[in-house]
Protein chains: 2
Amino acid sequence: MPKNTNTSYFSIEQELTARFSKALSNPVRIAILQLLNSQSCCFHGDMADELPIAKSTLSQHLNELKDAGLIQGNIEGPNVKYCINKENWKLAKELINKLLSD
Amino acid sequence: MPKNTNTSYFSIEQELTARFSKALSNPVRIAILQLLNSQSCCFHGDMADELPIAKSTLSQHLNELKDAGLIQGNIEGPNVKYCINKENWKLAKELINKLLSD
DNA sequence: TAATTATATTGCAATATTACGATATGTTTT
DNA sequence: AAAACATATCGTAATATTGCAATATAATTA
């Protein structure tokens, strides 16, 4: 196998739990999520001011969080306002909790 | 900066949360943790039978979980018995829950 | 002590992650 | 329309992750 081709061995739930965890696996993304969660939403620009990374790097991290389904972005004039995706946020919490309880 | 040299920007809590999440960020490791948690402990060999990966790969994943503090291994004759590290398991749960609640 | 069994480590390849600067795109303001 | 601002994407580099086979280590059995 070039990589793990065996995509069917693990359950959807296991894959999803891993996916959400991966989104949380970097301190920059933790900080982003805390910013978004403390205020209910946040503009890209405001986050860029708070975080010690280049704006292009911030965009990348925001994309990963978006791909994982944990946040969503809404264009608002020239800015983009990002918010937590409540539904998946809840799902992530449930899945990780379930794993860590069992 | 060659990489993120700014190691001091993030709090210990943010770093720890990311670290635990990273340990959970792979379906193989999710499966390992579920095996360890369903029975209270598990031998390397038994896990090797259950999982679709080479034994050397399993050893690597077990090492990562050990490095993250989520499991511990005890030598028992010719075998190694792995168990959940309850204390850090609890800490991981608290940290990730805190992040996902706030 | 030699052979066997169990686990870990090493070496290597493929791919992913993280970061940045430069450039592109899109919106507002002038 | 041009300039200014906000965000995204691209290209690239350094490092990390994931996987395997081969080899090493350590304990047990013969």
Side-chain angles (χ1 to χ4, degrees), chain A residues 1-7 9-10 14-15 18-33 35-36 41-68 71-83, chain B residues 1-7 9-10 14-15 18-33 35-36 41-68 71-83:
Chain A
M1 289 195 278
K3 210 56 197 302
N4 186 10
T5 306
N6 188 350
T7 209
Y9 178 83
F10 300 104
Q14 287 172 322
E15 296 280 2
R19 192 170 164 65
F20 282 132
S21 298
K22 191 174 207 169
L24 306 182
S25 74
N26 178 291
V28 173
R29 291 196 291 274
I30 298 282
I32 291 171
L33 291 171
L35 283 173
L36 291 181
C41 286
C42 226
F43 290 104
H44 180 127
D46 297 335
M47 292 191 270
D49 293 339
E50 299 269 359
L51 298 168
I53 53 171
K55 288 174 185 189
S56 57
T57 307
L58 174 57
S59 280
Q60 272 184 175
H61 282 297
L62 289 170
N63 255 324
E64 283 178 61
L65 288 170
K66 223 181 344 178
D67 288 348
I71 67 173
Q72 56 204 69
N74 300 76
I75 295 167
E76 219 160 276
N79 306 304
V80 179
K81 188 171 78 176
Y82 283 97
C83 309
Chain B
M1 288 193 281
K3 210 55 195 303
N4 185 11
T5 305
N6 189 351
T7 209
Y9 178 84
F10 300 104
Q14 287 172 322
E15 297 280 3
R19 191 169 163 67
F20 282 132
S21 297
K22 191 174 208 167
L24 307 181
S25 73
N26 178 291
V28 173
R29 290 196 292 272
I30 298 282
I32 290 172
L33 291 171
L35 283 172
L36 291 182
C41 286
C42 225
F43 289 105
H44 179 127
D46 296 336
M47 293 191 269
D49 293 339
E50 299 269 0
L51 298 168
I53 53 170
K55 288 177 185 188
S56 57
T57 306
L58 174 57
S59 280
Q60 273 184 174
H61 282 298
L62 289 170
N63 254 324
E64 285 179 58
L65 289 171
K66 222 179 346 176
D67 288 346
I71 67 173
Q72 57 206 69
N74 300 75
I75 295 167
E76 218 160 276
N79 307 305
V80 178
K81 189 171 76 175
Y82 283 97
C83 309

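Chain A is the first sequence line, chain B the second, and so forth, proteins listed ahead of strands; every chain is numbered from 1.
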Rounded distance in Å - [atom1] ([X]) to [atom2] ([N]):
{"X": "Phe10(A)", "N": "dG19(D)", "atom1": "CZ", "atom2": "C1'", "result": "12 Å"}
{"X": "Phe43(A)", "N": "dT7(D)", "atom1": "CZ", "atom2": "C1'", "result": "13 Å"}
{"X": "Glu64(B)", "N": "dT7(C)", "atom1": "CD", "atom2": "C1'", "result": "17 Å"}
{"X": "Leu58(A)", "N": "dA8(D)", "atom1": "CG", "atom2": "P", "result": "8 Å"}
{"X": "Leu65(A)", "N": "dT18(C)", "atom1": "CG", "atom2": "C1'", "result": "14 Å"}
{"X": "Met47(A)", "N": "dT7(D)", "atom1": "CE", "atom2": "P", "result": "9 Å"}
{"X": "Ile30(A)", "N": "dT18(C)", "atom1": "CD1", "atom2": "P", "result": "12 Å"}
{"X": "Lys22(A)", "N": "dA16(C)", "atom1": "NZ", "atom2": "P", "result": "8 Å"}

(Q) For Val80(A) and Phe43(A): C-alpha separation, side-chain torsions, deciding distance, then whether side chain to side chain contact (heavy atoms under 4.5 Å, CB included) applies. (A) CA-CA 6 Å; Val80(A) 179; Phe43(A) 290 104; 6.0 Å; no
(Q) Quick one, Arg29(A) and Leu24(A) - any side-chain contact, counting heavy atoms below 4.5 Å? (A) no
Could you grab the distance from atom [atom1] of [X] to atom [atom2] of [Y], nearest 0.5 Å is fine?
{"X": "Asn26(A)", "Y": "Phe10(B)", "atom1": "CG", "atom2": "CZ", "result": "7.0 Å"}
{"X": "Ile53(B)", "Y": "Met47(B)", "atom1": "CD1", "atom2": "CE", "result": "9.5 Å"}
{"X": "Ile32(A)", "Y": "Leu65(A)", "atom1": "CD1", "atom2": "CG", "result": "5.5 Å"}
{"X": "Arg19(A)", "Y": "Asp67(A)", "atom1": "CZ", "atom2": "CG", "result": "6.5 Å"}

Which protein N or O atoms sit under 3.5 Å from an N or O of nucleotides 26-30 of chain C?
none

(Q) Go through it in stages, so that I can follow the logic: the residues are Leu58(A) and Val28(A), the test is side chain to side chain contact (heavy atoms under 4.5 Å, CB included), and I'd like the CA-CA distance, side-chain angles, deciding distance and then a yes or no. (A) CA-CA 8 Å; Leu58(A) 174 57; Val28(A) 173; 5.5 Å; no
Q. What nucleic acid atoms does Lys81(A) come within less than 4.0 Å of, heavy atoms only: base, sugar-phosphate, or nothing?
A. nothing
(Q) Test side chain to side chain contact (heavy atoms under 4.5 Å, CB included) on Glu50(A) and Leu35(A); report intermediate values, then the result. (A) CA-CA 9 Å; Glu50(A) 299 269 359; Leu35(A) 283 173; 4.0 Å; yes
Please write out the pairs of protein N or O atoms and N or O atoms of nucleotides 8-10 of chain C separated by less than 3.5 Å, giving the distance to one decimal.
from, atom 1, to, atom 2, distance (Å)
dA8(C), OP1, Tyr82(B), OH, 2.5
dA8(C), OP2, His44(B), ND1, 2.8
dA8(C), OP2, Ser59(B), OG, 3.1
dA8(C), OP2, Tyr82(B), OH, 3.4
dT9(C), OP2, Asn63(B), ND2, 3.1

Q: Give a yes/no answer on whether the side chain of Asn26(A) brings an N or O atom under 4.0 Å of OP1 or OP2 in dT17(C).
A: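 For dT17(C), OP1/OP2 do not have a side-chain N/O of Asn26(A) under 4.0 Å.
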(Q) Strictly below 4.0 Å: does His61(A) bring a side-chain N or O up to OP1 or OP2 of dT17(C)? (A)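 So the side-chain polar atoms of His61(A) never come under 4.0 Å of the phosphate oxygens OP1 or OP2 of dT17(C).
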Q: Tell me if the SG of Cys41(B) lies under 2.5 Å from the SG of Cys83(B).
A: yes
